[in-house]
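Every value quoted in this text rests on a predicted model; they were computed, and no experiment measured them.
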Amino acid sequence: MRTIKAVPITAENFRPYGSFASMLEPSGHCFPGDATFYPDQVELNVQGGKPITFSPLTVKKPEKMVVTKAEYHNYTGEGVLVLDDDAVIHVAPPSNKVIVPELTEAFLVPKGTLVKLNTGVWHLAALPAHNELLHVMIILPERVYANDCYVCEYPEDQYIEITL
């Protein structure tokens, strides 16, 4: 039997086989804030030519879970992989560009769960249920956040507080 030694992975030694990025300690370009988004960290080419990307999202636990806005995508669903804490997600059904906060529902998602959001579903970042920081993996076609992401602010009288 032949024996080989496992060595630490680096961009250089793994380049012939693919690529990788830390999802718990992401680096590089980001959109900062209470929910910091690191777009397109790893790309997976799939049949049909449209690459799928994996983008880490880190979310700080808010004092209160208050929904003040939501987003949707017209041409794609979205994968949300909750990594290291249970998470709260809020969703509302597709509504042809008309905000529908009155139809919003909230769900407690166990850590380690992959959620698929259908095309057009209103949503925003998952929120940590317990920890001060939540790590989430967002799975979307490349650059959807730049060319098929519509964010709408709710009027203040339609804000929603989520409780556990």
Side-chain angles (χ1 to χ4, degrees), residues 18-24 26-62 64-129 133-162:
S19 63
F20 66 95
S22 173
M23 299 299 133
L24 296 179
S27 62
H29 175 71
C30 70
F31 299 102
D34 287 341
T36 304
F37 182 63
Y38 294 82
D40 303 345
Q41 294 287 294
V42 176
E43 179 181 298
L44 178 64
N45 291 308
V46 293
Q47 185 174 357
K50 186 75 173 171
I52 301 299
T53 61
F54 299 82
S55 304
L57 174 67
T58 57
V59 186
K60 294 178 185 174
K61 187 174 187 174
K64 289 183 172 186
M65 288 188 254
V66 178
V67 179
T68 63
K69 58 186 169 183
E71 72 176 34
Y72 68 95
H73 313 290
N74 273 322
Y75 303 105
T76 188
E78 180 171 329
V80 179
L81 176 57
V82 178
L83 296 172
D84 59 353
D85 188 13
D86 298 338
V88 175
I89 62 169
H90 62 87
V91 293
S95 60
N96 198 20
K97 300 181 185 178
V98 176
I99 61 171
V100 288
E102 69 280 4
L103 300 179
T104 298
E105 294 186 72
F107 296 92
L108 183 60
V109 179
K111 71 179 177 179
T113 300
L114 175 62
V115 175
K116 181 201 81 156
L117 299 176
N118 291 333
T119 302
V121 167
W122 289 93
H123 64 283
L124 209 59
L127 300 167
L133 193 64
L134 170 67
H135 294 89
V136 179
M137 177 64 53
I138 302 299
I139 305 160
L140 286 166
E142 181 182 32
R143 293 189 48 76
V144 161
Y145 54 88
N147 59 37
D148 183 27
C149 184
Y150 304 92
V151 180
C152 295
E153 301 272 344
Y154 292 166
E156 192 170 347
D157 65 345
Q158 294 184 28
Y159 286 3
I160 304 158
E161 182 174 358
I162 300 171

[atom2] on [Y] to [atom1] on [X], rounded to 0.5 Å:
X: Tyr38; Y: Asp40; atom1: OH; atom2: CG; value: 14.5 Å
X: Arg143; Y: Thr53; atom1: CZ; atom2: OG1; value: 10.5 Å
X: Ile162; Y: Thr104; atom1: CD1; atom2: OG1; value: 8.0 Å
X: Leu108; Y: Leu127; atom1: CG; atom2: CG; value: 11.0 Å
X: Ile52; Y: Thr76; atom1: CD1; atom2: OG1; value: 6.5 Å

Closest heavy-atom pair and its distance - [X], [Y]:
X: Gln158; Y: Ile99; value: OE1-CD1, 4.4 Å
X: Ala87; Y: Ala126; value: CB-CB, 4.0 Å
X: Gln41; Y: Ser27; value: OE1-O, 3.1 Å
X: Ile138; Y: Glu78; value: CG2-OE2, 3.5 Å
X: Gly77; Y: Leu140; value: O-CD2, 3.4 Å
X: Ile160; Y: Pro101; value: CD1-O, 3.4 Å

Is the closest side-chain heavy-atom distance between [X] and [Y] below 4.5 Å?
X: Leu57; Y: Thr36; result: no
X: Phe107; Y: Val115; result: no
X: Glu71; Y: His123; result: yes
X: Val136; Y: Pro56; result: no
X: Pro94; Y: Tyr72; result: no
X: Phe31; Y: His29; result: yes
X: Leu81; Y: Phe54; result: no
X: Val80; Y: Val109; result: no

Give me each pair satisfying side chain to side chain donor-acceptor pair (under 3.5 Å) with a member in residues 110-119, each pair once, sequence neighbours excluded.
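Every pair satisfying side chain to side chain donor-acceptor pair (under 3.5 Å) with a residue in residues 110-119: Lys116-Asn118.
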Please, which pairs that meet side chain to side chain donor-acceptor pair (under 3.5 Å) have at least one residue in residues 81-96, sequence neighbours excluded?
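Matches after skipping sequence neighbours: Asp84-His135, Asp86-His130, Ser95-Trp122.
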Under 3.5 Å: donor-acceptor pair, side chain of Asp148, backbone of His73:
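Side chain of Asp148 to backbone of His73: no pair is present.
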Check the pair Leu114, Ile139 against side chain to side chain contact (heavy atoms under 4.5 Å, CB included), reporting the backbone distance first and the verdict last.
CA-CA 10 Å; Leu114 175 62; Ile139 305 160; 4.0 Å; yes
Partners passing ring pair (Phe, Tyr, Trp, His ring centres under 6.0 Å) against Tyr159 (at least two apart in sequence or in another chain):
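Tyr159: no ring pair (Phe, Tyr, Trp, His ring centres under 6.0 Å) contacts found.
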Glu156 atom CD: more than 12 heavy-atom contacts under 6.0 Å
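Not more than 12 within 6.0 Å, no.
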